[in-house]
Number of protein chains: 2
Amino acid sequence: MSIWLAFSPIRPYKYPRGGSLAPAAESHRLAPNDFLSSPKRKPGAVDPESVPKAVVSRLSLYLRELQHLLRDEQATVSSSQLGQLLGFSDAQVRKDLAYFGHFGHPGIGYRCDELVSAIRSILGTDREWTIAMVGAGNLGRALLGYRGFASQGFRIVAAFDEAADRVHQTIEGVEVYPMTRLDEVVRDRAISFGLVAVPAAAAQGVADRLIASGVSGILNFAPVMLNLPSGVSIVSVDLATELERLSFSVANRGGEKPAEPAPEKPL
Amino acid sequence: MSIWLAFSPIRPYKYPRGGSLAPAAESHRLAPNDFLSSPKRKPGAVDPESVPKAVVSRLSLYLRELQHLLRDEQATVSSSQLGQLLGFSDAQVRKDLAYFGHFGHPGIGYRCDELVSAIRSILGTDREWTIAMVGAGNLGRALLGYRGFASQGFRIVAAFDEAADRVHQTIEGVEVYPMTRLDEVVRDRAISFGLVAVPAAAAQGVADRLIASGVSGILNFAPVMLNLPSGVSIVSVDLATELERLSFSVANRGGEKPAEPAPEKPL
DNA sequence: AATTGTGAAGGACTTCACAGCA
DNA sequence: TGCTGTGAAGTCCTTCACAATT
């Protein structure tokens, strides 16, 4: 919806959250005055606002599955195969991919290697992103060592913490700087993303500093709503909320998705 | 790719994922033969299938915000106030709550204390849940100390790991048992939920054992799709996927959800 | 014969707007 | 007057089903 990005423009009171809770955005398909706003989007890229968020998450799953298939030396895969591996319908797989281009070969399916490249390019994981971790407490330290990040091209290059006894340590090969140096280091190393793993009360301040120092996206683990200027992307992960979702479905006696009597897909 | 394994109730090829990616469920509003299936649901509870998943996540946010308001000694709150604090519309707040009952007072708003109780009851966090953590690596250890869980009534009472050097430690007050004792301990202590923080390759096996030992829900942090029998709830958190969502929106030059300039909560 | 890409149909979720209550 | 609860309208997303392609 950010027709106007950059920092100033006041926005009405909607859509502040990066989580998957916000309404689905009035996907302005080619805004009327788009010829003016000079889309600096990379060629071939799609207006991210017009793509359902769930599609992006599924892309991520497709990618992982395709990487497995490649490792198993499978050359092609059909939408129904891929869907079945992940529990989605074949139509959904095709539709998701069709948001971004024509990657398939009728009669054949998708070539795994081609599709991996395509998805990585779409997700932006065909390049390396440099990342700063703010907060080197339990969670921050755990994420510094999380191999799932590194394996997709995300490089955490610096960590920050207030506590004197954590500063100047090297954790998982990443140096921990004092918070006072955040602005300088983020700017000098041209860091792209900040991961925020500090207490809720400190999160907004940290986010503000990160943004002032030039990051273009924030992954927030603190259980608060962050208010950010447009032009900065945010995704929030709230662990307590996830556990509460689980609690809800158990407390209300649901087996999330009670299976129907198996319409036997022979597989 | 291990489609349905173990455990009797064979599941078809749909809805395997606990994340928010699965299609929105054929919300069977009062199944035709529901008089037969003897809903053992607690009185006042709602069919969890008929409630959009996003509503549950928002409930969780409302709860946190209300707890803040209570701490600030605010007695009542209107739907528009609450919405504004979190970035949702007033109508959304009211609709969400109306799924579960009539909690508001026309002309007044919602009494914070009442609403807190109501939501806790809905989410099932009015009781204490006992939880087992499987995997005491970086992530597992971090989650053992995560205060956001304890503060909502979640108690991690045991941890499990394979590595000999981790076993019999006590981390954050939680004893680490060898994996061999998982079944016994989970059964004996009547543990309700399992948190799975093991490598992807091990996750399905762990989940199967947890379920066989009687847990009713699983929160999965491993980057794989788990196949579970119906009757067990699952929620998955995939950290790499979240980062990839961020990467996508930055790579395609979007300001995901531009925030408003803080609707000033005097605070 | 198999499989994609896609308009059209179908659902699910959100927003609107207002009747009704305090 | 202020605010809730809710049918109705609207929007977004998924599923269907089939023409097009190899």
Side-chain angles (χ1 to χ4, degrees), chain A residues 1 12-15 17 20-29 47 49-59 62 75-84 86-112 114-115 118 257 263, chain B residues 13-15 17 20-29 47-59 62 75-84 86-112 114-115 118 257:
Chain A
M1 207 259 169
Y13 79 119
K14 287 187 175 186
Y15 307 142
R17 188 183 180 77
S20 37
L21 305 170
E26 56 274 38
S27 60
H28 72 106
R29 8 196 129 257
D47 177 2
E49 304 286 331
S50 72
V51 177
K53 268 198 284 266
V55 169
V56 178
S57 299
R58 284 193 298 264
L59 239 40
Y62 300 154
T76 69
V77 66
S78 69
S79 56
S80 61
Q81 244 180 85
L82 186 53
Q84 212 157 125
L86 291 161
F88 304 121
S89 72
D90 55 336
Q92 176 123 69
V93 172
R94 291 199 299 278
K95 208 121 275 172
D96 285 350
L97 295 173
Y99 273 98
F100 303 97
H102 295 199
F103 304 120
H105 305 280
I108 308 295
Y110 299 86
R111 290 193 45 193
C112 295
E114 278 176 16
L115 196 48
K257 291 290 152 240
Chain B
Y13 79 119
K14 286 190 175 183
Y15 306 138
R17 189 183 178 78
S20 38
L21 305 169
E26 56 271 38
S27 60
H28 69 106
R29 7 196 129 256
D47 178 1
E49 304 286 331
S50 72
V51 177
K53 269 199 283 269
V55 169
V56 178
S57 299
R58 284 193 299 262
L59 240 39
Y62 300 154
T76 68
V77 66
S78 70
S79 57
S80 62
Q81 244 180 85
L82 186 52
Q84 212 156 124
L86 291 161
F88 304 121
S89 72
D90 55 338
Q92 176 125 70
V93 172
R94 292 198 299 277
K95 251 278 136 102
D96 285 351
L97 296 172
Y99 274 98
F100 303 98
H102 295 199
F103 304 120
H105 305 281
I108 306 295
Y110 300 87
R111 290 195 43 196
C112 296
E114 279 176 17
L115 195 49
K257 286 294 151 239

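Every heavy atom of this structure was used, including side-chain atoms; hydrogens, water molecules and symmetry mates were not. Lettering of chains follows the sequences in order, A, B, ..., and the numbering in each one begins at 1. Quick caveat, the model's predicted, so the values are computed rather than measured.
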Provide, to the nearest angstrom, the distance between the [atom1] atom belonging to [X] and the [atom2] atom belonging to [N].
X: B:Gln81; N: D:dG2; atom1: CD; atom2: P; value: 14 Å
X: B:Asp90; N: D:dG5; atom1: CG; atom2: P; value: 12 Å
X: A:Lys53; N: D:dT14; atom1: NZ; atom2: C1'; value: 17 Å
X: B:Leu97; N: D:dG5; atom1: CG; atom2: P; value: 8 Å
X: B:Gln84; N: D:dC3; atom1: CD; atom2: P; value: 12 Å
X: B:Glu49; N: C:dA12; atom1: CD; atom2: P; value: 12 Å
X: A:Gln92; N: C:dA12; atom1: CD; atom2: C1'; value: 13 Å
X: B:Phe100; N: D:dT6; atom1: CZ; atom2: P; value: 14 Å

To the nearest 0.5 angstrom, please state how far the [atom1] atom of [X] sits from the [atom2] atom of [Y].
X: B:Leu82; Y: B:Arg58; atom1: CG; atom2: CZ; value: 11.5 Å
X: B:His102; Y: B:Tyr110; atom1: NE2; atom2: OH; value: 10.0 Å
X: A:Gln92; Y: A:Tyr62; atom1: CD; atom2: OH; value: 5.5 Å
X: A:Leu115; Y: A:Thr76; atom1: CG; atom2: OG1; value: 11.0 Å
X: B:Gln84; Y: B:Ser78; atom1: CD; atom2: OG; value: 8.5 Å
X: A:Asp90; Y: A:Lys95; atom1: CG; atom2: NZ; value: 12.5 Å

Base C:dT15 to side chain B:Lys95, donor-acceptor N/O within 3.5 Å cut-off:
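Between C:dT15 and B:Lys95, which were checked side chain against base, a qualifying N/O pair under 3.5 Å is present.
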
On the nucleotide [N], are OP1 or OP2 found under 4.0 Å from the side-chain N or O atoms that [X] carries?
X: A:Arg58; N: D:dC13; value: no
X: B:Tyr110; N: D:dG5; value: yes
X: B:Ser79; N: D:dT4; value: yes

Nearest to the side chain of B:Pro52, which nucleotide is it out of D:dT15, C:dC13, C:dT6?
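Per side-chain heavy atoms of B:Pro52, the pick is C:dC13.
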
Any idea which of C:dT6, D:dC3, C:dT14 is nearest the A:His102 side chain?
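So the nucleotide nearest the side chain must be C:dT6.
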
Given side chains that start at C-beta, do those of A:Leu97 and A:Leu59 come closer than 4.5 Å, heavy atoms only?
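Of all side-chain heavy-atom pairs linking A:Leu59 with A:Leu97, at least one is under 4.5 Å.
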
Could you give the angle between the helix axes at the two ends of the helix from C:dA1-D:dT22 to C:dA22-D:dT1, with five pairs per end, rounded to 10 degrees?
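Comparing the axis at each end, I get an angle of 0°.
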
Which atom of A:Ala118 lies closest to which atom of A:Phe103, heavy atoms considered:
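Shortest heavy-atom separation between A:Ala118 and A:Phe103 comes out as CB-CE2, 3.7 Å.
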
Which atom names give the shortest non-hydrogen contact between A:Val93 and A:Ser79, and what distance separates them?
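Closest approach of A:Val93 to A:Ser79, heavy atoms only: CG2-O, 3.8 Å.
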
Using a cut-off of 4.0 Å between protein heavy atoms and nucleotide atoms, how would you tag nucleotides 17-22 of chain D 5' to 3' with B, S and -?
B---BS

